[in-house]
Amino acid sequence: MTKRTKWTAVTVSVIAMSVFLSACSGFTGNNSGSKAGNNTGTEESTDPSKQPEITLNVFSNLANFTGEQSGWFGKLIKDKFNIKLNIISGGEQRAATMMASGDLGDIAVAVDYKNAIKAGLLLDWNKDGLLDKYGQDIKKYAGQALEANSKQFGGGKAIYGIGHNVGSGSGPSEGANMNFGPLLRWDLYQKLGSPEIKTVEDYLTVVKQMQELSPKSESGKPTYGFSLWSDWDGIVSMNAGSIGALFGYSVGDGFNASDLIQVKADEAKWQGVIDEDSSYMRGLKFFFEANKMGLLDPDSLTQKFPDVANKYSDGQVLFAQFPWLTDGYNTEERVNAGKGFAFVPFADEQMHSTGFSPYGGNWYWSIGAKTKYPERVMQFMNWLFSPEGVQESKLGPKGLLWDIQDGKPTLTEFGYKAVTNSVDMPAEYGGGLFKDGGNQINNSTIALSTINPETGEPYDYTMWTSYLNKNPNPVTKSWRDAMGALTIKDYVVKNNKVVVKPPYFSEQAPMEEPSGIKQKKAEVGKVIKEYSWKMMFAKDDNEFASLKEAMISKAKGLGYDEVIKFQVENYEKTVGAALKK
């Protein structure tokens, strides 16, 4: 999936979040004066594009793709750096294999960072003045994130990586569309008379009526209200947990440190996932009721995310808990015809949001200790954190897809078609569909809603003045008229339907999870996942209640309470303590 990073800032584990203790100044790297060695076998060049061609192995726990980076992003970095990227996708088993091999590749993204440092698998960026010589943009635009990382993991001297989604500003750090929904088929919702939705459970009745209006997709397949997938599950069901995000609680998945507690964004509150009144249990009940009503796609038990994405594109699904799920359906052709998804909140909604953090999140960018090309890797990573790199990595090369007009960034006509309906890129820009050619590493550097100092507007084109002022399509115009807002972000901020998690930093890294707790968490998580899926597809209320009782009994028998105790202690010493001040 290419959408996972649209909610990375939200899914960052709370235990790994830092508590703000003191203001951090801009980072000053190790000015050792030593000359960084050049492992390419040639004289150092100030122009990376003139250096010999190399291939860098990039192990990313966030990637959904394995193989050579192609398309417009592949061509862009080949022209700029004369490098190719061999993407190695993650997953628990692959990550363990890479760790055991002692080699995490040239670039390692979102790995088991603390243990990788302990094992000597990550390069110190201060070694031989590497950061000073080749990382000036990282120091300039993410200096506090470097300092925070060094204090937490390098004793204030070494730097083994940098967090993702570094940003500055106020309010939610997400883009115009935020990270959570719900979104409904706006055309169908309007046909129903736009009924008021007071609670999250009210969506069930509305979506059932929508299904009756549109029982078949464009290809003639049955429509469902909800379609889920399990390949993103961590130690709980990610989709069930996503309901909690609508009430301001954190969400974990299988690609970051997932916990058995969900915590409130802006308050010192936490819930155990299987507590009787937890938002996670409410999520399980929600999808169980949906299944009883014929609204839950039966393929949810076996399918993976790409299958779900294809179903949204075909119009088989009518509700989206994440805005980016709807990208495949909201094509230019459809929205111009008045068909598309739009945000429809419920009265009690308090959407979870992550605020801007100058310290970054805990999906770390790092360099493998065994790389033969430390300078080349640092040059590339430095560009990824620069204004040019952030903008072009997001939107492609300047001039073709976007440009500056009257001092402001704007999409070209080609660019507008590319982002709304995708297009074939010219061969000289890498060819292939625009939507398929983006950065497959799948991790952010600078938060896209941060202001680009070179344009004066956010990196996210959906927040550009030129984009917002462009004649809206019928779906967007209708939604704006009905909601009195330009974007989802605009609406939730104006109407106090979002709670924002403030940034934190602590020089002390979170407590290390004892092996006994780690083992119990894995065993408990296996039970919770298994029974969560069974509960969502239970045949009746009695079976749901029976499965729920069995899940709680087995989880507690395997050490659920001990895991909760450890995680709560960690939380109370860090984030919880700060929020109570």
Side-chain angles (χ1 to χ4, degrees), residues 2 5-6 45-51 53 56 68-85 136-138 140-141 167 175-177 327 331-333 336 376 379-473:
T2 60
T5 54
K6 298 215 177 190
S45 171
T46 56
D47 183 355
S49 69
K50 298 295 192 291
Q51 298 178 84
E53 178 186 293
L56 300 179
E68 183 178 324
Q69 170 73 57
S70 59
W72 60 263
F73 185 71
K75 184 65 163 57
L76 184 66
I77 60 175
K78 179 68 168 63
D79 291 345
K80 288 183 179 292
F81 299 99
N82 205 18
I83 62 173
K84 294 181 177 180
L85 301 180
Q136 288 301 312
D137 284 315
I138 299 180
K140 181 177 182 179
Y141 298 107
N177 287 332
D327 290 352
T331 62
E332 186 176 25
E333 180 181 5
N336 283 337
R376 302 286 295 276
Q379 285 176 324
F380 171 56
M381 289 179 60
N382 184 66
W383 176 77
L384 289 174
F385 278 83
S386 72
E388 177 189 284
V390 176
Q391 194 68 78
E392 293 198 332
S393 294
K394 167 66 177 176
L395 200 50
K398 181 181 178 183
L400 177 66
L401 292 115
W402 65 280
D403 217 327
I404 303 295
Q405 292 183 5
D406 300 323
K408 295 294 183 179
T410 184
L411 293 174
T412 64
E413 285 304 311
F414 181 82
Y416 189 79
K417 291 178 181 177
V419 301
T420 56
N421 205 23
S422 202
V423 293
D424 284 314
M425 295 289 285
E428 62 267 31
Y429 290 95
L433 285 174
F434 170 77
K435 68 177 181 179
D436 296 333
N439 184 349
Q440 296 288 354
I441 300 174
N442 216 16
N443 195 25
S444 63
T445 53
I446 303 296
L448 294 176
S449 51
T450 300
I451 299 297
N452 180 343
E454 296 182 352
T455 68
E457 297 215 11
Y459 292 104
D460 183 351
Y461 72 88
T462 66
M463 301 173 71
W464 290 352
T465 303
S466 59
Y467 184 84
L468 294 174
N469 289 342
K470 187 178 177 66
N471 290 334
N473 61 64

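- Under a 3.5 Å cut-off, the side chain of T455 and the backbone N or O of P409 do not form any donor-acceptor pair.
- Note that the CG atom of D403 and the CG atom of L411 stand 10.5 Å from one another [nearest 0.5 Å].
- For L400 against T412, the heavy-atom pair with the smallest separation is O-OG1, 2.6 Å.
- Listed by chain and number, the residues in a salt bridge (charged side-chain N to carboxylate O under 4.0 Å, His left out) with E53 are K78, K84 (sequence neighbours excluded).
- Rounded to the nearest 0.5 Å, atoms OH (Y429) and CG (L76) are 10.0 Å apart.
- Between P387 and Y141, the closest heavy-atom pair is CD-CE1, 3.3 Å.
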Walk me through whether K408 and E454 qualify under salt bridge (charged side-chain N to carboxylate O under 4.0 Å, His left out). CA-CA 10 Å; K408 295 294 183 179; E454 296 182 352; over 6 Å; no
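- Heavy atoms of other residues, nucleotides or ligands lying less than 6.0 angstrom from NZ of K417 number 12 at most.
- The CZ atom of F73 sits 12.0 Å away from atom CZ of F434, with the distance rounded to the nearest 0.5 Å.
- D79 meets the side-chain hydrogen bond (donor to acceptor under 3.5 Å, both in side chains) test with K75; sequence neighbours excluded.
- Considering every non-hydrogen atom in both T462 and A176, the closest pair reads OG1-CB, 3.3 Å.
- Considering CD of E457 and CG of L468, their distance stands at 8.5 Å, rounded to 0.5 Å.
- With Y461 as the aromatic partner, K394 does not meet the cation-pi criteria of under 6.0 angstrom to the ring centre and within 45 degrees of the ring axis.
- Ring pair F81/F380 is perpendicular by interplanar angle, where above 60° counts as perpendicular and below 30° as parallel.
- From S70, atom OG reaches atom CG of D436 across 8.5 Å, with rounding to the nearest 0.5 Å.
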Could you please spell out the steps behind the side chain to side chain contact (heavy atoms under 4.5 Å, CB included) verdict for Y459 and L395? CA-CA 9 Å; Y459 292 104; L395 200 50; over 6 Å; no
Before you tell me yes or no, could you show the steps for T445 and M381 under side chain to side chain contact (heavy atoms under 4.5 Å, CB included), namely the whole-Å CA-CA distance, both residues' side-chain angles and the distance that decides it to 0.1 Å? CA-CA 9 Å; T445 53; M381 289 179 60; over 6 Å; no
Apply side chain to side chain contact (heavy atoms under 4.5 Å, CB included) to T420 and T331, showing your working. CA-CA 6 Å; T420 56; T331 62; over 6 Å; no
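- With a 4.5 Å cut-off on side-chain heavy atoms, P48 and Q379 count as touching.
- Every residue meeting the side-chain hydrogen bond (donor to acceptor under 3.5 Å, both in side chains) condition with W383, not counting sequence neighbours, appears here in chain and number order: E388.
- Listed here is the closest heavy atom pair of W402 and W464: CB-CH2, 4.0 Å.
- Between R376 and N82, the closest heavy-atom pair is NH2-O, 3.4 Å.
- The shortest non-hydrogen separation linking M425 to L433 is CG-C, 4.4 Å.
- Atom CE of M463 sits about 9.0 Å away from atom OG1 of T450, to the nearest 0.5 Å.
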If you apply the rule side-chain hydrogen bond (donor to acceptor under 3.5 Å, both in side chains), what do you find for N382 with D137, and how did you get there? CA-CA 6 Å; N382 184 66; D137 284 315; 3.2 Å; yes
